[in-house]
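Structure record follows, encoded as structure tokens.
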Amino acid sequence: MSDVYDPAAIEPKWQEQWEADGLYRAKVDWERPKYYALTMLPYPSGDLHIGHWFAMTPSDARARFMRMRGYNVLFPMGFDAFGLPAENAAIQRNIHPKTWTYANIERMRRQLRSMGAMFDWQREAVSCDPAYYQWTEWFFSRFFEHDLAYRGEGLVNWSETLQTVLANEQVIDGKDERTGQPVIQKMMEQWFFRITRYADELLDFTPIDWPDPVRLMQTNWIGRSEGARVVFTSESGDPIEVFTTRPDTLWGATFMVLAPEHDLVDKVTGDEQRAAVDAYRAQAARATEIERLSETREKTGVFTGGYAINPVNGARIPIWIADYVLSTYGTGAIMAVPAHDQRDFDFARQYGLDIVPVIQPEGEPLDGATMAAAYVGPGVMVNSALFDGTPVTAAKGFANPSIGAVADWLAERGCGAKSINYRLRDWLISRQRYWGAPIPAVFAADGAIEMVPDAQLPVLLPDDVEFRPTGQSPLRYHDGFLNTTDADGRPARRETDTMDTFMCSSWYQYRYLSPTYDRGPFDPQEAAYWLPVDVYTGGQEHATMHLLYTRFFTKVMRDLGLFDEAARIMSEHGRDPAGQFDEPMTGLRNQGQILGAERKGDVILAYGRREGNKLTAARVEVIEPGTMPPGLRDDVVVGEIMRRTENVMQVDVGGELFTVEVAPNAVISVPAIEGDNTVNQLRHHLDVQRMSKSKGNVVNPDELVAQFGADTVRAYLMFFAKWDQGGPWNYEGIKGPQRLLQDVWEIGQAQYTPGEDAAASRALRRKTHQVIRKVTQDMEAFSFNTAVAAIMELRNAILAAQREGGVDRAAWNEAVESLLLLLAPVSPHITEELWARRGLPYSIHEQLWPQWDDDVAREEQISLIVQVNGKTRDRIEVAADLTDDELRAVALSSDKLSRWLDGKPPRQVIVVRGKLVNIVV
RNA sequence: GCCGAAGUGGCGGAACAGGCAGACGCGCACGACUCAAAAUCGUGUUCCCUCGGGAGUGUGGGUUCGAUUCCCACCUUCGGCACCA
């Protein structure tokens with residue numbers, strides 16, 4: 001065997017050995033404690049990038065660490081394989097989504113194996129595999145049966161040009177990213193899941209150890225607010241229900257506002273206002289994201305001509321429509337109290353509507369005619385009939401006496417009720433796409449909806465499909481798929497929408513338990529042992545959607561009794577199932593994002609014809625950043641490209657965004673590409689740049705592995721940044737871990753000649769035990785960078801001991817073997833190789849984690865800090881076990897002290913055991 | 001605008017139940033080895049300085065014998081939400 005450290009030789013060798021021995025097969029064993037470590041499954045986009053490594057390597061090291069500590073660890077991997085990019089590849093490059101996806105999966109499997117992770121590949125699950133999506137469909141049917149799935153109206157991004165629905169990520173600045181054509185908001189009938197039914201339970205995080213920021217984001221996302229529903233009546237006699245968090249301001253309601261899409265708008269609109277109302281509604285439907293985001297946007301609306309009666313005082317108030325009232329929140333209608341709500345106040349001032357204060361703060365009285373802003377603070381109720389004088393506090397919801405009292409009173413009188421509203425909306429799961437799990441629904445000729453019987457699942461996605469450039473789902477014109485029969489054998493139409501891919505990833509942690517099981521989504525025997533997931537690792541970008549959906553899914557599964565059998569088995573083995581199936585993952589840790597090496601964005605120089613805030617460019621050059629100042633002149637624009645669609649770019653011209661549209665025949669100059677350039681080349685160039693800027697794709701893990709070996713790459717990823725923060729990739733730093741492994745390679749095989757220096761042996765043992773303690777605590781706490789730093793300290797101590805000699809055989813072996821064991825989770829191959837070369841039993845990954853002894857780790861000497869008025873003036877080496885009085889005496893005897901004390905007696909002496917003495921004069 | 005996280009050497013980052021600021025690593029400088037370079041090894045590396053010291057953890061205050069750590073105000077960056085009635 002060669003003496004040179006050659007990762008290219010030893011890494012594949014051990015990977016094959018481990019595979020052959022089934023070293024990482026995780027099997028149910030009730031005699032041992034279980035640990036289910038889960039890391040977010042990747043989307044098979046083509047190549048594993050360094051971000052995947054940054055997420056998965058430390059997760060793997062942590063799983064290995066838990067395994068060495070005696071747990072039976074399950075650490076599975078799979079692919080979230082449905083989704084839009086596959087379909088885009090089909091349209092753009094004429095590759096079938098299935099072909100594209102499975103080719104990518106194959107490539108990524110190979111890359112994942114090169115990582116040397118302890119994935120149990122026999123538990124791999126792939127969500128686009130019929131054996132998987134059969135159960136995704138099966139879940140849909142269960143949801144439908146229990147009234148948790150329903151058809152409702154939902155807003156979609158609709159392209160008039162393409163006559164198709166676009167996903168949010170396909171829409172940039174209110175335009176289709178591919179064609180640059182405008183996109184409108186349109187109501188369509190879609191499938192929803194009733195996640196709102198679980199809103200209250202989802203707000204309860206007591207059973208789980210999740211990071212505060214995630215809990216907070218979910219809490220805000222759910223957005224619970226307490227208030228009342230109040231029924232107003234239109235003059236035509238129709239009830240108009242509103243939700244308000246401030247029922248105590250009912251007497252101050254001077255007008256009502258309906259969302260433009262509200263059902264009653266047509267009915268309350270008077271003939272003379274109809275034209276204005278219709279025009280406003282049409283304009284609201286066109287409102288694009290860019291308009292809604294505009295900060296200077298003023299409130300707009302129109303009067304309907306109709307009036308409503310306020311149920312508490314019989315006041316006749318005008319009904320308006322305005323797009324600041326959202327059809328999707330509350331009842332889509334509000335009572336407007338301009339005196340005490342800033343939005344209503346702005347609207348009232350804009351259109352000259354009445355402002356009547358009904359809460360009086362202490363001090364100067366409010367006057368509706370002269371108020372400059374709505375008053376939202378505490379006070380007492382006024383102009384509110386029997387409630388006059390009721391105190392109003394700053395508390396929200398029923399905890400505020402005025403809100404509670406009025407809400408109760410409304411309920412008694414029958415014109416309202418206490419109500420709790422949520423910002424959270426039901427989960428829209430329909431996607432007008434091909435590459436997703438089919439929804440197993442059939443529409444009978446009479447319009448009735450049926451589920452495909454379980455025995456006939458899965459509804460298979462047809463392979464023989466034709467992709468049209470419009471992006472329309474091929475299922476919509478695939479006759480074989482479309483035409484089916486209902487339960488009575490009559491012709492019926494199949495649902496052509498497929499499911500949101502979040503549906504697939506909401507239950508994959510259960511499929512991993514038994515990916516080939518065919519009598520249910522998972523095997524209860526496996527579930528009883530492994531569930532719940534003990535630690536889930538992944539990016540914080542999934543804080544709300546995915547993590548909320550999977551919690552919801554688990555709660556539904558529990559309520560449908562899908563865990564009952566697993567709970568029974570769990571009890572049989574003496575483990576209490578109470579609460580084990582309320583949450584999918586009891587622990588959660590987020591890693592940060594790793595970015596490409598930092599670089600400036602592209603700056604363009606565009607000449608053309610300017611019309612208002614848009615320039616139609618006849619000539620575009622990509623220029624070196626910094627060569628020309630950003631700015632805007634008559635026919636010239638210089639600035640960094642911030643966003644782009646097909647041929648429309650948003651350019652930063654010095655703090656402001658300006659639109660540049662590239663004319664079809666424009667002259668393009670991209671210095672990085674030789675010869676005459678076309679719009680397509682410009683687009684391609686910008687795409688590549690943008691990707692490398694935001695996703696770090698410039699860093700290719702395969703090349704790094706080829707150059708340094710997976711062990712070094714793993715160690716560097718764990719060392720180079722804080723795991724929960726990430727940061728820009730830096731090539732230089734990898735030399736640190738590279739040298740570490742080189743040193744370990746030599747230390748592990750060193751022919752050591754032992755000595756008999758007891759003090760040196762004791763010192764090396766002390767360091768060894770200190771490092772074991774530090775690495776154990778850091779791995780426990782996901783502080784991977786400091787764990788690797790501690791391992792480097794042990795390496796330094798061993799090298800120093802080797803240089804100086806004298807350490808006895810036992811201390812040397814303890815240090816070297818501890819070094820290998822501590823490094824094993826980080827760099828599994830080199831440690832396995834050295835462990836074997838030292839003649840120790842296979843496998844290092846089946847050894848127990850080293851234990852430290854606090855007595856051995858204890859320092860004998862400390863450097864006592866002597867301070868005068870908090871400033872360090874001297875350091876004295878003393879024994880670590882001196883008493884306070886002894887420390888004080890040692891400090892006061894310091895001869896360096898006299899020049900600082902200046903003859904004055906100390907006023908106070910503070911002794912901190914084992915650390916310092918501070919003398920106050 | 002609201003909510004959250006974070007600001008420490010040239011760089012990544014240590015240290016926060018208040019107690020030596022800068023662990024560990026990168027880079028850099030000098031030295032050794034070499035004809036030379038790379039690699040390797042050794043020494044040094046917060047800044048200023050009149051070599052006594054002085055200043056220093058985003059800024060300004062405060063509490064304390066003592067503050068990177070606690071409190072108040074502000075600035076910057078990054079994430080989330082964004083007319084939520």
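Below, chain A is the first sequence line, B the second, and so on; all start at residue 1.
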Donor/acceptor link under 3.5 angstrom from A:Lys299 side chain onto base of B:rC83: yes
If a protein heavy atom is under 4.0 Å from the base, mark B; if only from the sugar-phosphate, S; if neither, -; do that for nucleotides 4-16 of chain B going 5' to 3'. S-S-----BSS--
Give a yes/no answer on whether the side chain of A:Arg803 brings an N or O atom under 4.0 Å of OP1 or OP2 in B:rG42. yes
When the C1' atoms of B:rC78 and B:rC30 are considered, how many whole Å apart are they? 40 Å
Contiguous Watson-Crick or G-U pair runs (3 or more, under 3.5 Å) in RNA chain B: B:1-7 with B:75-81, B:10-12 with B:24-26, B:27-32 with B:40-45, B:46-48 with B:53-55, B:58-62 with B:70-74
Please check: side-chain N/O of A:Thr254 versus main-chain N/O of A:Asp354, any donor-acceptor pairing under 3.5 Å? yes
May I have the distance from A:Leu548 (atom CG) to B:rC81 (atom P), rounded to whole angstrom? 13 Å
Pick the P atom in B:rU64 and in B:rG79, then give their distance to the nearest Å. 40 Å
With C1' as the reference atom in both, quote the distance from B:rC41 to B:rU50 in angstrom, rounded to an integer. 38 Å
Is the phosphate of B:rG19 approached by A:Arg875 (side-chain N or O, under 4.0 Å from OP1 or OP2)? no
Applying ring-ring contact (aromatic ring centres under 6.0 Å, His included) between A:Tyr716 and each of A:Phe784, A:Tyr731, A:Trp729, A:Trp53, report the one that passes. A:Trp729
Spacing of the C1' atoms in B:rG13 and B:rG61 (rounded, Å): 29 Å
Can you tell me if A:Asp885 and A:Thr883 form a side-chain donor-acceptor pair at under 3.5 Å? no
Per the O4'-C1'-N9-C4 / O4'-C1'-N1-C2 angle with a 90° window around 0, B:rG9 comes out syn
Cut-off 3.5 Å, side chains only: do A:Gln593 and A:Glu541 have a donor facing an acceptor? no
Is a side-chain donor or acceptor of A:Glu241 paired with a backbone partner of A:Val231 at a separation under 3.5 angstrom? no
Think A:Arg423 has a side-chain N or O under 4.0 angstrom from the OP1 or OP2 of B:rA85? no
Does B:rG25 have OP1 or OP2 sitting under 4.0 Å from an N or O in the side chain of A:Arg795? yes
Measuring to OP1 and OP2 of B:rG25, would you say a side-chain N or O of A:Asn796 lies under 4.0 angstrom away? yes
Would you measure the distance from the P atom in B:rU69 across to the matching atom in B:rU8 and give it in whole Å? 14 Å
From the set B:rA85, B:rU40, B:rG19, return the single nucleotide nearest to any side-chain atom of A:Arg739. B:rU40
Quick one: which of B:rA85, B:rC3, B:rC20 gets closest to the side chain of A:Thr872? B:rC20
Of the listed B:rC83, B:rC41, B:rG66, the closest approach to the A:Tyr324 side chain comes from B:rC83
A:Phe502/A:Trp427 aromatic ring centres below 6.0 Å: no
Just checking A:Thr331: base, sugar-phosphate only, or nothing, at a heavy-atom cut-off of under 4.0 Å? nothing
Mind running side-chain hydrogen bond (donor to acceptor under 3.5 Å, both in side chains) on A:Gln342 and A:Asp346 for me, showing each step along the way? CA-CA 6 Å; A:Gln342 190 58 41; A:Asp346 294 342; 3.0 Å; yes
Mind telling me if B:rG10 is syn or anti? Syn here is a glycosidic angle within 90° of 0. anti
Euclidean distance, atom CD of residue A:Gln867 to atom C1' of B:rG66 [Å, nearest integer]: 6 Å
P-based separation of B:rC26 from B:rA39 [nearest Å]: 12 Å
Of A:Ile334 and A:Lys915, the one whose nearest nucleotide on RNA chain B sits closer to the 5' end is A:Lys915
Closest to the A:Lys871 side chain: B:rA55, B:rG19, B:rA85? B:rA55
How many whole angstroms separate atom CE of A:Met217 from atom P of B:rA82? 13 Å
Without decimals, in angstroms, what is the distance between A:Leu258 CG and B:rA85 C1'? 13 Å
Rounded distance (Å) that lies between atom P of B:rC65 and atom CD1 of A:Ile865: 21 Å
Measure from the side chain of A:Asn918, starting at C-beta and using heavy atoms only, and say which of B:rC20, B:rA55, B:rG66 lies closest. B:rG66
Are any of A:Thr544's side-chain N or O atoms less than 4.0 Å away from OP1 or OP2 of B:rG80? no
Taking the basic N atoms (NZ, or NE/NH1/NH2) and the acidic carboxylate oxygens, is any pair closer than 4.0 Å for A:Glu860 and A:Arg766? yes
Looking only at side-chain atoms of A:Glu793, point me to the closest of B:rC83, B:rC24, B:rA39. B:rC24
How many Å lie between CD on A:Gln540 and P on B:rC81, as a whole number? 11 Å
Backbone N/O of A:Gly592 and side chain of A:Gln725: donor-acceptor pair under 3.5 Å: no
Using a 3.5 Å distance criterion without hydrogens, assess whether the side chain of A:Asp724 forms a donor-acceptor pair with backbone atoms of A:Gln591. no
Indicate yes or no for a side-chain donor-acceptor contact from A:His340 to the backbone of A:Val376 under 3.5 Å, with no hydrogens or angles considered. no
Taking for A:Trp221 and for A:Ala790 the nucleotide of RNA chain B with the nearest heavy atom, the one nearer the 5' end belongs to A:Ala790
If we take the C1' atom in both B:rA23 and B:rU45, what is their distance in whole Å? 15 Å
If only atom types and distance count, is the side chain of A:Trp723 paired as donor or acceptor with the main-chain N or O of A:Leu717 below 3.5 Å? no
Gap in Å between the two P atoms, one belonging to B:rC74 and one to B:rC81, rounded: 25 Å
Rounded interatomic separation in angstrom, taking CD1 from A:Ile420 and C1' from B:rA85: 16 Å
Touch class at under 4.0 angstrom, heavy-atom based, for A:Val909 against every strand present: nothing
A:Arg873 near the nucleic acid: base, sugar-phosphate alone, or nothing, with a heavy-atom cut-off under 4.0 Å? sugar-phosphate
N/O donor-acceptor pair under 3.5 Å between A:Asp323 side chain and A:Ala284 backbone: no
Using whole Å, what does the distance between atom P of nucleotide B:rA85 and atom CD1 of A:Ile319 come to? 22 Å
